[in-house]
Amino acid sequence: HVQLVESGGGLVQAGGSLRLSCVASGDTFSNYCMGWFRQAPGKEREFVAAISWSGDRTDYADSVKGRFAISRDNARNTVYLQMNSLKFEDSAVYYCVADEIWIPAVRSVDFWGQGTQVTVTS
C-alpha cells in the first residue's frame, strides 16, 4: 500500500500557474504509475494526467493538453503537476493517485490522496 499527500493548491488568477506536488510513502514508489484526477463541485471526478513508472510515458486529458505537465522524481518519491495558463474551469479539488497498472487503462484506481483545492479566479 502507498500513502499519498498532496500540496501546492491555492488561489490563482486566470492565466496564471501553479505546481502541485504529491509525496508518496509506504511502498516502493517506482512500482506505481502515478497520476492526477480532479473534481469540481457538482461534477464527476475526471482524469487529468498520468505518468509511467519510470517517467518515460505520459497521458493527458484533452482539456489540459499543452497547458499541464506531469513529472516524477523517483529519488524523492514525488510526482508533480505543473499547471500553466489556468482557466476558471480548472477550479477543482485535485487528487494524486497511484496504481500498479497504467492508470488510463484501469476502471478504478487503487490509491488516492486527500486532495488539494485549486481555485482559479476570472
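Each residue takes its place number in the sequence, starting with 1.
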How many angstroms lie between atom [atom1] of [X] and atom [atom2] of [Y], to the nearest 0.5 angstrom?
{"X": "W36", "Y": "I51", "atom1": "CH2", "atom2": "CD1", "value": "12.0 Å"}
{"X": "S122", "Y": "E89", "atom1": "OG", "atom2": "CD", "value": "10.0 Å"}
{"X": "L81", "Y": "R19", "atom1": "CG", "atom2": "CZ", "value": "10.5 Å"}
{"X": "R57", "Y": "D59", "atom1": "CZ", "atom2": "CG", "value": "7.0 Å"}
{"X": "C22", "Y": "Y80", "atom1": "SG", "atom2": "OH", "value": "10.5 Å"}
{"X": "Q114", "Y": "C96", "atom1": "CD", "atom2": "SG", "value": "9.0 Å"}

Exercise. Passes salt bridge (charged side-chain N to carboxylate O under 4.0 Å, His left out), K87 versus D90? Steps please.
Worked result: CA-CA 5 Å; K87 304 176 182 180; D90 293 319; over 6 Å; no
Taking all non-hydrogen atoms of both residues into account, name the closest pair between [X] and [Y] and its distance.
{"X": "Y95", "Y": "G113", "answer": "CD2-O, 3.6 Å"}
{"X": "S21", "Y": "T78", "answer": "CB-CG2, 4.4 Å"}
{"X": "I103", "Y": "A50", "answer": "CB-CB, 4.2 Å"}
{"X": "A98", "Y": "M34", "answer": "CB-SD, 3.5 Å"}
{"X": "D99", "Y": "S108", "answer": "OD2-O, 3.8 Å"}
{"X": "Q117", "Y": "T119", "answer": "NE2-OG1, 3.4 Å"}

For this session: Under the side-chain contact (heavy atoms from CB on, under 4.5 Å) rule, what do L86 and F68 come out as? Steps first, then yes or no, please.
Result: CA-CA 9 Å; L86 281 161; F68 289 14; 3.8 Å; yes
For this session: Examine F47 together with F37 and report whether their ring centres are nearer than 6.0 Å.
Result: yes
Is it true that [Y] and [X] share a donor-acceptor pair across their side chains at a distance under 3.5 Å?
{"X": "S17", "Y": "N84", "result": "yes"}
{"X": "D27", "Y": "Y32", "result": "yes"}
{"X": "Y94", "Y": "R38", "result": "yes"}

For this session: Answer whether the closest heavy-atom distance between the side chains of L4 and F111 falls below 4.5 Å.
Result: yes
Are [X] and [Y] linked, directly or through other ILVMFWY residues, by side chains that come within less than 4.5 angstrom of each other?
{"X": "V118", "Y": "I70", "result": "yes"}
{"X": "V23", "Y": "V2", "result": "no"}
{"X": "V93", "Y": "V97", "result": "yes"}

Exercise. Is there a donor-acceptor pair closer than 3.5 Å between any side-chain N or O of S91 and the backbone N or O of V120?
Worked result: yes
Exercise. Checking T116 side chain against G9 main chain: does a donor-acceptor pair fall under 3.5 Å?
Worked result: yes
Exercise. Cation-pi between R67 and Y60: NZ/CZ under 6.0 Å from ring centre and within 45° of the ring axis?
Worked result: no
For this session: Take the angle between the ring planes of W102 and W53 and call it parallel below 30°, perpendicular above 60°, tilted in between.
Result: tilted
Problem set entry | Identified side-chain contact (heavy atoms from CB on, under 4.5 Å) counterpart of L20 within the set E6, M83, Q82 | M83
